[in-house]
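Read the structure below first, then the notes.
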Amino acid sequence: MRPESEGAGWRAEYLQDERKLLIPLALGGELLGIFQARGVRLRAPKSMLPLISRMGAVCLEKLLLYKRSISCAQTGLLAREPFLALLEREMGSVCDCLSPSMEGKEGLKAPAYKAGVRVFWIRVRGLRELQRRFGFMLAEGLLRDLARGIVQQAPPQAVCGRVGDNGFALILPEAGGNGVMELARNLVAELETRTRTHDLTGEEVGAACSVGMAHFSAGHGRRGFRAFAGANRPVSCCARRR
(Lines give C-alpha, C1' and ligand atoms only; values in the text may rest on other atoms or scores of the structure.)
Protein backbone atom coordinates (compact mmCIF):
# COMPACT_ATOMS: atom_id res chain seq x y z
CA MET A 1 0.00 0.00 0.00
CA ARG A 2 1.47 3.35 -1.04
CA PRO A 3 0.31 6.96 -1.50
CA GLU A 4 -0.75 8.32 -4.85
CA SER A 5 1.98 9.98 -6.86
CA GLU A 6 0.43 13.39 -6.33
CA GLY A 7 0.16 12.87 -2.57
CA ALA A 8 -3.62 13.31 -2.68
CA GLY A 9 -4.43 9.98 -1.10
CA TRP A 10 -3.70 6.30 -0.83
CA ARG A 11 -4.00 3.89 -3.73
CA ALA A 12 -5.70 0.52 -3.69
CA GLU A 13 -3.75 -2.46 -4.94
CA TYR A 14 -4.95 -5.53 -6.81
CA LEU A 15 -2.94 -8.76 -6.55
CA GLN A 16 -4.16 -10.58 -9.61
CA ASP A 17 -2.32 -13.84 -9.01
CA GLU A 18 -3.73 -14.11 -5.48
CA ARG A 19 -7.08 -12.54 -6.40
CA LYS A 20 -6.76 -10.12 -3.49
CA LEU A 21 -7.87 -6.51 -3.34
CA LEU A 22 -6.26 -4.18 -0.78
CA ILE A 23 -8.39 -1.12 -0.07
CA PRO A 24 -6.86 1.74 1.98
CA LEU A 25 -8.90 3.06 4.88
CA ALA A 26 -7.63 6.63 5.07
CA LEU A 27 -9.15 9.76 6.52
CA GLY A 28 -7.66 13.23 6.44
CA GLY A 29 -4.57 11.98 4.64
CA GLU A 30 -3.80 9.45 7.40
CA LEU A 31 -3.86 5.72 6.77
CA LEU A 32 -5.87 4.06 9.52
CA GLY A 33 -5.99 0.53 8.16
CA ILE A 34 -6.29 -1.73 5.13
CA PHE A 35 -9.34 -3.76 4.10
CA GLN A 36 -8.42 -7.01 2.36
CA ALA A 37 -10.93 -8.65 0.03
CA ARG A 38 -10.29 -12.17 -1.20
CA GLY A 39 -11.50 -13.91 -4.33
CA VAL A 40 -11.85 -10.67 -6.31
CA ARG A 41 -11.71 -10.50 -10.08
CA LEU A 42 -11.24 -7.08 -11.67
CA ARG A 43 -11.62 -6.89 -15.42
CA ALA A 44 -10.30 -3.32 -15.65
CA PRO A 45 -7.96 -2.71 -12.67
CA LYS A 46 -6.43 0.50 -14.02
CA SER A 47 -9.77 2.27 -14.30
CA MET A 48 -11.37 0.70 -11.22
CA LEU A 49 -8.60 1.10 -8.65
CA PRO A 50 -8.90 4.92 -8.30
CA LEU A 51 -12.64 4.58 -7.67
CA ILE A 52 -12.11 1.75 -5.19
CA SER A 53 -9.48 3.81 -3.36
CA ARG A 54 -11.99 6.60 -2.89
CA MET A 55 -14.65 4.15 -1.72
CA GLY A 56 -12.75 3.36 1.47
CA ALA A 57 -12.43 7.06 2.34
CA VAL A 58 -16.15 7.65 1.70
CA CYS A 59 -17.07 4.81 4.07
CA LEU A 60 -14.91 6.28 6.83
CA GLU A 61 -16.38 9.73 6.28
CA LYS A 62 -19.91 8.35 6.69
CA LEU A 63 -18.89 6.54 9.88
CA LEU A 64 -17.36 9.73 11.23
CA LEU A 65 -20.49 11.75 10.47
CA TYR A 66 -22.66 9.14 12.15
CA LYS A 67 -20.42 9.09 15.22
CA ARG A 68 -20.59 12.87 15.48
CA SER A 69 -24.37 12.78 15.23
CA ILE A 70 -24.70 10.52 18.29
CA SER A 71 -21.85 12.02 20.33
CA CYS A 72 -21.59 14.94 22.71
CA ALA A 73 -19.78 17.74 20.90
CA GLN A 74 -17.98 18.90 24.04
CA THR A 75 -16.68 15.58 25.39
CA GLY A 76 -16.91 13.15 22.47
CA LEU A 77 -18.86 10.67 24.61
CA LEU A 78 -22.15 9.12 23.58
CA ALA A 79 -24.97 11.67 23.82
CA ARG A 80 -27.88 11.30 26.24
CA GLU A 81 -30.58 9.94 23.91
CA PRO A 82 -28.41 7.32 22.15
CA PHE A 83 -26.97 6.29 25.53
CA LEU A 84 -30.41 5.77 27.08
CA ALA A 85 -31.56 3.88 23.97
CA LEU A 86 -28.55 1.58 24.29
CA LEU A 87 -29.26 1.08 27.98
CA GLU A 88 -32.86 0.16 27.18
CA ARG A 89 -31.69 -2.43 24.64
CA GLU A 90 -29.23 -3.88 27.14
CA MET A 91 -31.95 -4.18 29.77
CA GLY A 92 -34.24 -5.84 27.23
CA SER A 93 -31.50 -8.33 26.37
CA VAL A 94 -31.10 -9.16 30.05
CA CYS A 95 -34.81 -9.88 30.39
CA ASP A 96 -34.86 -11.92 27.18
CA CYS A 97 -31.78 -13.93 28.14
CA LEU A 98 -33.73 -16.35 30.35
CA SER A 99 -37.10 -15.94 28.68
CA PRO A 100 -38.69 -19.25 27.54
CA SER A 101 -40.01 -17.47 24.45
CA MET A 102 -36.43 -17.08 23.20
CA GLU A 103 -35.84 -20.83 22.99
CA GLY A 104 -35.79 -22.22 19.49
CA LYS A 105 -35.44 -18.80 17.88
CA GLU A 106 -32.07 -18.87 16.25
CA GLY A 107 -30.31 -15.54 16.13
CA LEU A 108 -32.50 -13.98 18.83
CA LYS A 109 -31.15 -15.59 21.96
CA ALA A 110 -29.00 -13.20 23.97
CA PRO A 111 -25.47 -14.27 24.91
CA ALA A 112 -24.88 -15.74 28.32
CA TYR A 113 -23.03 -12.71 29.68
CA LYS A 114 -26.22 -10.65 29.52
CA ALA A 115 -27.41 -12.15 32.79
CA GLY A 116 -27.01 -8.62 34.13
CA VAL A 117 -25.76 -5.14 33.37
CA ARG A 118 -24.24 -2.54 35.66
CA VAL A 119 -24.52 1.20 35.21
CA PHE A 120 -22.12 3.64 36.83
CA TRP A 121 -23.32 7.18 37.42
CA ILE A 122 -20.80 10.00 37.80
CA ARG A 123 -22.28 13.28 39.00
CA VAL A 124 -20.40 16.58 38.80
CA ARG A 125 -21.47 18.94 41.58
CA GLY A 126 -21.22 22.70 41.64
CA LEU A 127 -20.70 23.13 37.91
CA ARG A 128 -22.54 26.46 37.78
CA GLU A 129 -20.47 27.76 40.66
CA LEU A 130 -17.31 26.82 38.80
CA GLN A 131 -18.55 28.65 35.72
CA ARG A 132 -19.40 31.74 37.79
CA ARG A 133 -16.11 31.88 39.70
CA PHE A 134 -13.61 30.72 37.10
CA GLY A 135 -15.28 31.20 33.75
CA PHE A 136 -17.06 29.07 31.20
CA MET A 137 -13.90 28.04 29.32
CA LEU A 138 -12.19 26.58 32.38
CA ALA A 139 -15.34 24.70 33.44
CA GLU A 140 -15.80 23.21 29.98
CA GLY A 141 -12.14 22.23 29.83
CA LEU A 142 -12.47 20.52 33.19
CA LEU A 143 -15.51 18.58 31.94
CA ARG A 144 -13.48 17.35 28.97
CA ASP A 145 -10.70 16.28 31.35
CA LEU A 146 -13.21 14.37 33.48
CA ALA A 147 -14.60 12.65 30.38
CA ARG A 148 -11.11 11.58 29.32
CA GLY A 149 -10.46 10.24 32.80
CA ILE A 150 -13.64 8.15 32.73
CA VAL A 151 -12.76 6.71 29.32
CA GLN A 152 -9.23 5.97 30.50
CA GLN A 153 -10.45 3.92 33.47
CA ALA A 154 -13.36 2.22 31.68
CA PRO A 155 -12.89 -1.43 30.58
CA PRO A 156 -12.80 -2.11 26.83
CA GLN A 157 -16.35 -3.54 26.82
CA ALA A 158 -17.83 -0.50 28.59
CA VAL A 159 -19.77 2.30 26.90
CA CYS A 160 -19.42 5.84 28.27
CA GLY A 161 -21.91 8.65 27.78
CA ARG A 162 -22.83 12.14 28.90
CA VAL A 163 -26.35 12.01 30.26
CA GLY A 164 -26.78 15.60 31.35
CA ASP A 165 -25.11 18.95 31.85
CA ASN A 166 -23.48 17.68 35.05
CA GLY A 167 -23.57 13.91 34.67
CA PHE A 168 -21.76 11.04 33.01
CA ALA A 169 -22.65 7.37 32.90
CA LEU A 170 -21.00 4.09 32.02
CA ILE A 171 -22.64 0.82 30.91
CA LEU A 172 -20.76 -2.33 31.88
CA PRO A 173 -21.82 -5.93 31.14
CA GLU A 174 -22.06 -8.36 34.04
CA ALA A 175 -18.98 -8.19 36.25
CA GLY A 176 -18.00 -9.64 39.59
CA GLY A 177 -18.08 -7.73 42.85
CA ASN A 178 -14.31 -7.38 43.04
CA GLY A 179 -14.15 -5.91 39.55
CA VAL A 180 -16.97 -3.48 40.33
CA MET A 181 -15.33 -2.20 43.49
CA GLU A 182 -11.97 -1.88 41.77
CA LEU A 183 -13.49 0.13 38.93
CA ALA A 184 -15.31 2.39 41.40
CA ARG A 185 -12.10 3.04 43.32
CA ASN A 186 -10.20 3.71 40.10
CA LEU A 187 -12.84 6.20 38.95
CA VAL A 188 -12.73 8.00 42.27
CA ALA A 189 -8.93 8.19 42.23
CA GLU A 190 -8.79 9.30 38.61
CA LEU A 191 -11.41 12.04 38.89
CA GLU A 192 -9.73 13.37 41.99
CA THR A 193 -6.57 14.09 39.99
CA ARG A 194 -8.33 15.94 37.16
CA THR A 195 -7.76 19.62 37.90
CA ARG A 196 -6.97 22.80 35.98
CA THR A 197 -5.10 25.91 36.99
CA HIS A 198 -6.78 29.30 36.68
CA ASP A 199 -4.52 31.61 34.69
CA LEU A 200 -5.22 34.77 36.71
CA THR A 201 -5.52 33.57 40.29
CA GLY A 202 -3.23 30.53 40.16
CA GLU A 203 -5.88 28.40 41.85
CA GLU A 204 -5.96 24.68 41.12
CA VAL A 205 -9.59 24.02 40.28
CA GLY A 206 -11.40 20.69 40.29
CA ALA A 207 -14.98 19.48 40.39
CA ALA A 208 -16.64 17.79 43.34
CA CYS A 209 -17.88 14.47 41.94
CA SER A 210 -19.64 11.39 43.25
CA VAL A 211 -19.66 7.89 41.78
CA GLY A 212 -22.50 5.41 42.22
CA MET A 213 -23.64 2.15 40.65
CA ALA A 214 -26.89 0.33 39.86
CA HIS A 215 -27.29 -3.33 38.94
CA PHE A 216 -29.98 -4.74 36.66
CA SER A 217 -30.18 -8.53 36.67
CA ALA A 218 -32.52 -11.02 35.03
CA GLY A 219 -33.38 -12.53 38.42
CA HIS A 220 -35.01 -9.31 39.56
CA GLY A 221 -37.09 -8.55 36.47
CA ARG A 222 -37.77 -5.00 35.38
CA ARG A 223 -37.34 -3.85 38.98
CA GLY A 224 -33.84 -5.24 39.09
CA PHE A 225 -31.93 -2.03 39.69
CA ARG A 226 -30.30 -2.11 43.09
CA ALA A 227 -28.32 0.74 44.59
CA PHE A 228 -24.73 -0.14 45.35
CA ALA A 229 -23.77 2.13 48.23
CA GLY A 230 -20.17 0.97 48.31
CA ALA A 231 -19.42 2.80 45.07
CA ASN A 232 -21.16 6.00 46.10
CA ARG A 233 -18.02 7.60 47.47
CA PRO A 234 -17.65 11.36 47.04
CA VAL A 235 -14.63 12.76 45.30
CA SER A 236 -13.26 15.56 47.45
CA CYS A 237 -11.98 18.12 44.97
CA CYS A 238 -12.36 21.88 45.15
CA ALA A 239 -10.45 25.06 44.41
CA ARG A 240 -7.05 25.20 46.07
CA ARG A 241 -4.51 28.00 46.03
CA ARG A 242 -1.19 26.97 44.48
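Throughout, residue positions are numbered sequentially from 1 according to the sequence presented.
Residues Pro155 and Leu172 are in side-chain contact: their nearest non-hydrogen atoms beyond the backbone lie under 4.5 Å apart. You'll find the side chain of Val119 stays beyond 4.5 Å of the side chain of Leu170, heavy atoms only. Put simply, the side chain of Leu21 does not reach to within 4.5 Å of the side chain of Gln36, judged on heavy atoms. Within the 4.5 Å cutoff, side-chain heavy atoms of Gln153 are placed close to those of Asn186.
A donor-acceptor contact closer than 3.5 angstrom links the side chains of Arg162 and Gln74.
In this structure, CZ on Arg125 lies 9.0 Å from CG on Asn166, to the nearest 0.5 angstrom. For the atom pair Arg118 CZ and Ile171 CD1, the distance stands at 14.0 Å (nearest 0.5 Å). For the atom pair Leu146 CG and Thr75 OG1, the distance stands at 10.5 Å (nearest 0.5 Å). Interatomic distance, Glu192 CD to Leu187 CG, rounded to the nearest 0.5 Å: 12.5 Å. Atom CG of Leu138 is separated from atom CG of Leu143 by 10.0 Å, given to the nearest 0.5 angstrom. Put simply, CG on Leu78 and SG on Cys72 are 10.0 Å apart, with the number rounded to the nearest 0.5 Å.
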For the pair Val163 and Phe168, evaluate side-chain contact (heavy atoms from CB on, under 4.5 Å) and give the outcome as yes or no after the intermediate values. CA-CA 5 Å; Val163 293; Phe168 301 97; 5.8 Å; no

Stepwise, does the side chain to side chain donor-acceptor pair (under 3.5 Å) test hold for Arg194 with Gln152? CA-CA 12 Å; Arg194 296 285 171 162; Gln152 181 178 338; 2.9 Å; yes

Could you go through Phe35 and Leu22, starting from their C-alpha distance and side-chain angles, then the distance that decides it, and tell me whether this counts as side-chain contact (heavy atoms from CB on, under 4.5 Å)? CA-CA 6 Å; Phe35 178 79; Leu22 305 180; over 6 Å; no

Under the salt bridge (Lys or Arg N to Asp or Glu O under 4.0 Å) criterion, do Arg54 and Glu61 qualify, and how do the steps go? CA-CA 11 Å; Arg54 180 56 184 161; Glu61 289 172 0; 3.4 Å; yes

Check the pair Arg185, Glu182 against salt bridge (Lys or Arg N to Asp or Glu O under 4.0 Å), reporting the backbone distance first and the verdict last. CA-CA 5 Å; Arg185 287 192 292 266; Glu182 182 179 0; 5.8 Å; no

Please walk me through it: do Glu140 and Arg144 pass salt bridge (Lys or Arg N to Asp or Glu O under 4.0 Å)? CA-CA 6 Å; Glu140 289 300 309; Arg144 290 192 295 268; 5.1 Å; no

Show, in sequence, the C-alpha distance, side-chain angles and deciding distance for Glu203 and Arg133, and conclude whether the side-chain contact (heavy atoms from CB on, under 4.5 Å) test is met. CA-CA 11 Å; Glu203 286 181 292; Arg133 291 183 57 188; 3.8 Å; yes

Can Phe83 and Ile70 be said to form a side-chain contact (heavy atoms from CB on, under 4.5 Å), step by step? CA-CA 9 Å; Phe83 183 88; Ile70 64 173; over 6 Å; no

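The shortest heavy-atom contact between Asp165 and Leu127 is O-CD2, 3.3 Å. Heavy atoms only, all atoms of each residue included: Ile23 and Met55 are closest at CD1-CE, 4.0 Å. Between Cys209 and Val124, the closest heavy-atom pair is SG-CG2, 4.1 Å. Across all their heavy atoms, Tyr14 and Arg41 have their closest contact at OH-CA, 3.5 Å. Closest approach of Asp145 and Thr195 over heavy atoms only: OD2-O, 4.5 Å. Closest approach of Ala12 to Ser53, counting heavy atoms only: N-OG, 2.7 Å.
Under the 4.5 Å side-chain heavy-atom criterion for Ile, Leu, Val, Met, Phe, Trp and Tyr, Tyr66 and Leu86 are members of the same hydrophobic cluster. If you chain together hydrophobic residues whose side chains sit under 4.5 Å apart, Leu142 and Met137 never meet in one group.
The neighbour count for Lys67 NZ, taken as heavy atoms of other residues, nucleotides or ligands under 6.0 Å away, does not exceed 12. Environment of CZ in Arg196: crowded, with over 12 heavy atoms of neighbouring residues, nucleotides or ligands closer than 6.0 Å.
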Distance-only donor-acceptor pairs under 3.5 Å for side chains of residues 24-33, two or more places apart:
none

